[in-house]
Amino acid sequence: TDPSQPQLRQQNEQALALKVTHLASQDARAIYKGTSYDLRQYKRLQLFTHAEALLDEEAEKPANGELSVFLRLGSDYKNNYYEYEIPLTLTPPGNYSTNKTSDRETVWPSDNMFDFPLELLTDLKIKRNQEKNRTGSVVSNTTPYYQYDPTKPSNKMTIVGNPNLGEVEVIMIGVRNSSRDVKSAEVWVNELRLTEFNE
């Protein structure tokens with residue numbers, strides 16, 4: 001990180017390919033990285049995402065929206081985290097040029113891109129806590145509480161436990177199968193970044 005340019009934090013993350021084969025219905029697979037970030041200084045999180053069916057004839061090819069990509073930020077990956085999930089639009093097989101805008105949009109669809117204000121996550125925590133304190137509420141810290149992004153209603157936001165954006169110790173990226181059948185695919189994520197440094 002260049003301290004003279006705090007408005008854009010990018011740690012040369014580059015691209016990461018997640019290949020999932022025979023992923024069962026409602027199951028997920030993920031990778032994670034231990035970190036030590038204070039995200040409170042930034043307003044937005046961005047991450048490009050691409051998905052494609054495997055060319056293998058035996059592979060169970062998904063349709064648009066049957067698989068989703070999710071990003072977890074928290075002090076751990078199981079008991080205290082925020083999660084943001086996007087249903088995936090798949091890129092059809094073919095050859096694409098990085099010089100053509102239409103090809104770039106096909107390979108890296110804007111619908112697949114993580115691009116949201118971090119305030120959405122803290123607002124979700126406030127709403128969950130308000131709901132939890134209502135008389136007769138069944139909401140708790142130990143069960144997932146979710147809402148949909150008001151600007152992108154197909155994208156789901158979840159909170160579990162008591163995560164803190166000032167103490168992010170784990171970043172997890174994964175693929176979830178929301179269909180009723182086994183599916184296989186390859187998902188790429190590229191350029192995880194925090195933007196709009198709060199001065």
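Values below: all heavy atoms of this structure, side chains included; hydrogens, waters and symmetry mates excluded. The first residue of the sequence shown is numbered 1, and numbering continues consecutively from there.
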task = With the side chain counted from C-beta on, respond yes when Leu118 and Tyr82 share a heavy-atom pair under 4.5 Å apart, and no when they do not.
result = no
remark   = Smallest heavy-atom separation, Leu90 atom then Ala53 atom, equals CD2-N, 3.6 Å
query = Is there a chain of hydrophobic side chains (I, L, V, M, F, W, Y, each step under 4.5 Å between heavy atoms) that links Tyr148 to Leu71?
reply = no
key: Heavy-atom pair with the smallest gap, counting every atom of Ala185 and Pro62   = CB-CG, 4.1 Å
query = Which pair of non-hydrogen atoms, one from Val168 and one from Thr35, has the smallest distance, and what is that distance?
reply = O-OG1, 2.9 Å
request  = Please tell me if the side chains of Asn129 and Asn141 come closer than 4.5 Å, counting only heavy atoms from C-beta onward.
outcome  = yes
Given Glu83, Glu66, Gln26, the one that forms side chain to side chain donor-acceptor pair (under 3.5 Å) with Arg176 = Glu83
inquiry  = When you measure from the side chain of Asn112 to the backbone of Thr89, do you find a donor-acceptor pair of N or O atoms at a distance under 3.5 Å?
reply    = yes
query = Would Leu165 and Phe197 show up in the same hydrophobic cluster when neighbours are defined by side-chain heavy atoms closer than 4.5 Å?
reply = yes
request  = Decide whether Val107 and Leu88 are clustered together by the hydrophobic rule: side chain heavy atoms of Ile, Leu, Val, Met, Phe, Trp, Tyr closer than 4.5 Å, transitively.
outcome  = no
key: Inter-residue atom distance Arg44.CZ - Asp115.CG, 0.5 Å rounding   = 4.5 Å
request  = Drop me the distance from Ile159's CD1 to Leu124's CG, to the nearest 0.5 angstrom.
outcome  = 5.5 Å
task = Give the intermediate values and the outcome of side chain to side chain contact (heavy atoms under 4.5 Å, CB included) for residues Ser36 and Glu169.
result = CA-CA 5 Å; Ser36 183; Glu169 303 294 331; 4.3 Å; yes
key: Hydrophobic cluster membership, Ile86 vs Leu18, 4.5 Å side-chain cutoff   = yes
query = Run the side chain to side chain contact (heavy atoms under 4.5 Å, CB included) check on Asn133 and Val139 step by step: do they pass?
reply = CA-CA 8 Å; Asn133 292 330; Val139 173; over 6 Å; no
Rounded distance [0.5 Å steps], CG in Asp181 versus CG in Leu23 = 12.0 Å
message = Nearest 0.5 Å, please: how far is NZ in Lys125 from CE in Met157?
response = 14.5 Å
ask   = Considering residues, nucleotides and ligands other than Lys132, do more than 12 of their heavy atoms fall under 6.0 Å from its NZ?
value = yes
query = Would one find more than 12 heavy atoms of other residues, nucleotides or ligands at under 6.0 Å from atom CD of Glu119?
reply = no
request  = Under the side chain to side chain contact (heavy atoms under 4.5 Å, CB included) rule, what do Thr195 and Lys43 come out as? Steps first, then yes or no, please.
outcome  = CA-CA 6 Å; Thr195 64; Lys43 293 183 181 176; over 6 Å; no
request  = Please tell me if the side chains of Val170 and Tyr81 come closer than 4.5 Å, counting only heavy atoms from C-beta onward.
outcome  = no
message = Using side-chain heavy atoms (C-beta onward) and a distance below 4.5 Å, is Leu121 in contact with Phe116?
response = yes
message = Any heavy-atom pair between the side chains of Val20 and Val187 that's under 4.5 Å?
response = no
query = Does one side chain, of Glu85 or Ser68, offer a donor that lies under 3.5 Å from an acceptor on the other?
reply = yes
ask   = Which heavy atom in Ser97 sits nearest to a heavy atom in Asp103, and how many Å separate them?
value = N-OD2, 2.7 Å
message = How close do Pro144 and Val160 get, counting heavy atoms only, and between which atoms?
response = CA-CG2, 3.6 Å
request  = Taking the side chain as every heavy atom from C-beta outward, state whether Val175 and Arg29 have any atom pair closer than 4.5 Å.
outcome  = no
ask   = Should the pair Glu131-Arg134 be classified as a salt bridge under the 4.0 Å nitrogen-to-oxygen rule?
value = yes
Under 3.5 Å donor-acceptor, Thr91 side chain and Glu52 backbone = no
task = Measure from NZ or CZ of Arg128 to the centre of the six-membered ring of Tyr145, then state whether that distance is under 6.0 Å and the direction lies within 45° of the axis.
result = no
key: Spatial distance of atom OH (Tyr42) from atom CZ (Arg193) [nearest 0.5 Å]   = 13.0 Å
request  = Output yes when Arg40 and Asp38 qualify as a salt bridge under the 4.0 Å nitrogen-oxygen rule, no when they do not.
outcome  = yes
ask   = Which atom pair, heavy atoms only, marks the closest approach of Ser184 to Thr21?
value = OG-CA, 3.4 Å
inquiry  = Could you check whether any side-chain heavy atom of Trp188 comes within less than 4.5 Å of a side-chain heavy atom of Trp108, counting everything from C-beta outward?
reply    = yes
message = Rounded at 0.5 Å granularity, tell me how far CG in Asn80 sits from OG in Ser75.
response = 4.0 Å
task = Check the pair Val69, Ile173 against side chain to side chain contact (heavy atoms under 4.5 Å, CB included), reporting the backbone distance first and the verdict last.
result = CA-CA 7 Å; Val69 62; Ile173 300 172; 4.3 Å; yes
message = Are Leu16 and Leu67 connected into the same hydrophobic cluster when the rule is that any two of I, L, V, M, F, W, Y join if their side-chain heavy atoms are below 4.5 Å apart?
response = yes
Heavy-atom check, side chain of Pro109 versus side chain of Glu105, under 4.5 Å = yes
